[in-house]
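In what follows, a structure is listed as structure tokens, so that the remarks can point back to it.
Counting convention: from 1, in listed order, for ligands and their atoms alike.
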Amino acid sequence: MDHHATTPLDSRVLEAMLPYLTEKFGNPASCTHRYGWDAQAAVEKARKQVAELIGAKAEEIIFTSGATESDNLAIKGVARTNRERSNHIITLAIEHHAVLDSCRRLEQEGFNVTYLPVRADGLLDLAEFENALTGRTILVSVMAANNEIGVIEPIRAIGRVCRDRGVLFHTDAVQAIGKVEINVEAMNIDLLSISAHKIYGPKGAGALYVRQDDPRLKLTPILDGGGHERGFRSGTLNVPGLVGLGKACEICLQEISREPDRLRVLRDRLKDGILSQLEGVHINGSMEQRLPNNLNLSFAGMEAESFLMALKDVAVSSGSACTSATDSPSYVLRALGLPEELALGSVRFGLGRCNTTEEVDFVIDRVVETVKGLRELSFLPEAAAGEPSRGDA
Ligand SMILES: *Cc1c(COP(=O)(O)O)cnc(C)c1O
């Protein structure tokens, strides 16, 4: 139930990858023999598979080591290329750290960054966004869907505004891919980040879509070297990983007409099951503009840290995987204006391809039982005396 952090490798993806880990080991840059040709053909097939899922052309896909690299390359690449004429970037306060920290780095280099707040439901306010655009804005980076609260940002509307104003638009679509239809043409997206391991592919493989109109979008590379990927990203390609990414995208495209609906039914069963048996449960983020597999709940009178320790047989988390070890409240939930007590009692559920109705029912029982147990405990006099500021709800 923690599929926002990562997903298991689909057996069909593994099967596609295996030959490229064994007999087909060639370097796609070796153009003088069969080993290289086979590897190159496999990589070009994967490029088509990725492009097809998002309505792009194969030559617009740059392969990377994952979405962290894609986000870095998109944001730093655009900013550093346009340093002379523009210096302003707009992003969202609830972006993934790969985006936020890239922007922070650029601030150190002299760029101005606007971190737009979100409404209490987690969505960007479009009027506020339009007001933030200036004549010096070069890039807007807004995620398609958030990895903690699953809200789906108004990407299409943002893309239209950016196109009208001549500003480049990047979106981190890691969590949206395979669950929400994304089309870079219809949505006026110029750059888009994808990660294989969030869509049942292998870890360490990703892609960046880079629009190739006329004039071509230029990016200053982060890695220098052999000039692979049209100079955007040097380094020998991770052939098995990219074959896996391509196959994972192909499967997402095949299943996008059914799987999101199945996930929504399971997610709603989970939500209704928990809410019907527990009081004091707060849903974080819009329920309307939301990924079909996400649920983020705050349980009053309970801390997520204790909950996660007590619930050993279900994999859930209190926020993003990167921050799940810290006990400070999530910056995403704080951006929604959630009181600290509720932010500390929040639990993220992310359903996935293998989850079943039986599993959901098991999780409902375990969650209800665990929350009740922790709330009772927090009423015990000795617990209250030990921690006077907590557990008194
Ligand atoms: C997981 C994730 C990333 C990072 O992707 P990696 O491939 O693990 O580097 C970036 N953005 C979002 C929204 C994510 O969920």
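Checked by atom type, the side-chain pair Ser193/Asp71 shows a donor-acceptor distance below 3.5 Å.
Between Gly55 and Val184, the closest heavy-atom pair is O-CG2, 3.6 Å.
Protein heavy atom at the shortest distance from atom 3 (C) of ligand 1 is His96 NE2, 3.5 Å. The protein atom (non-hydrogen) at minimum distance from atom 5 (O) of ligand 1 is Ala67 CB, 3.3 Å. Of all protein heavy atoms, the one lying nearest to atom 7 (O) of ligand 1 is Ser195 OG, 2.7 Å.
Summarising the local packing, NZ of Lys45 is surrounded by 12 or fewer heavy atoms from other residues, nucleotides or ligands at distances under 6.0 Å. Atom CD of Glu279 has 12 or fewer heavy atoms from other residues, nucleotides or ligands within 6.0 Å.
Note: the hydrophobic cluster containing Tyr35 does not contain Leu242 (ILVMFWY, side chain heavy atoms under 4.5 Å, direct or indirect links).
Considering backbone and side-chain N/O atoms, Lys198 comes within less than 3.5 Å of an N/O atom of ligand 1. Between Asp172 and ligand 1, a contact under 3.5 Å exists for at least one N or O pair. The shortest N/O to N/O separation between Asn147 and ligand 1 does not fall below 3.5 Å. For ligand 1, none of its N or O atoms has an N or O atom of Gly66 under 3.5 Å away.
Under a cutoff of 6.0 Å and an axis angle of 45°, Arg163 and Phe169 do not form a cation-pi pair.
Using a 4.0 Å cut-off to heavy atoms of His197, the atoms of ligand 1 that qualify are 6 (P), 7 (O), 8 (O). Close contacts of ligand 1 with Thr68, meaning ligand atoms under 4.0 Å from a residue heavy atom, involve 4 (C), 5 (O), 6 (P), 9 (O).
Looking at Glu69, Gln175, His4, Glu148, it is Gln175 that brings a heavy atom closest to atom 15 (O) of ligand 1.
Rounded to the nearest 0.5 Å, atoms CE (Met302) and CD (Glu341) are 10.0 Å apart.
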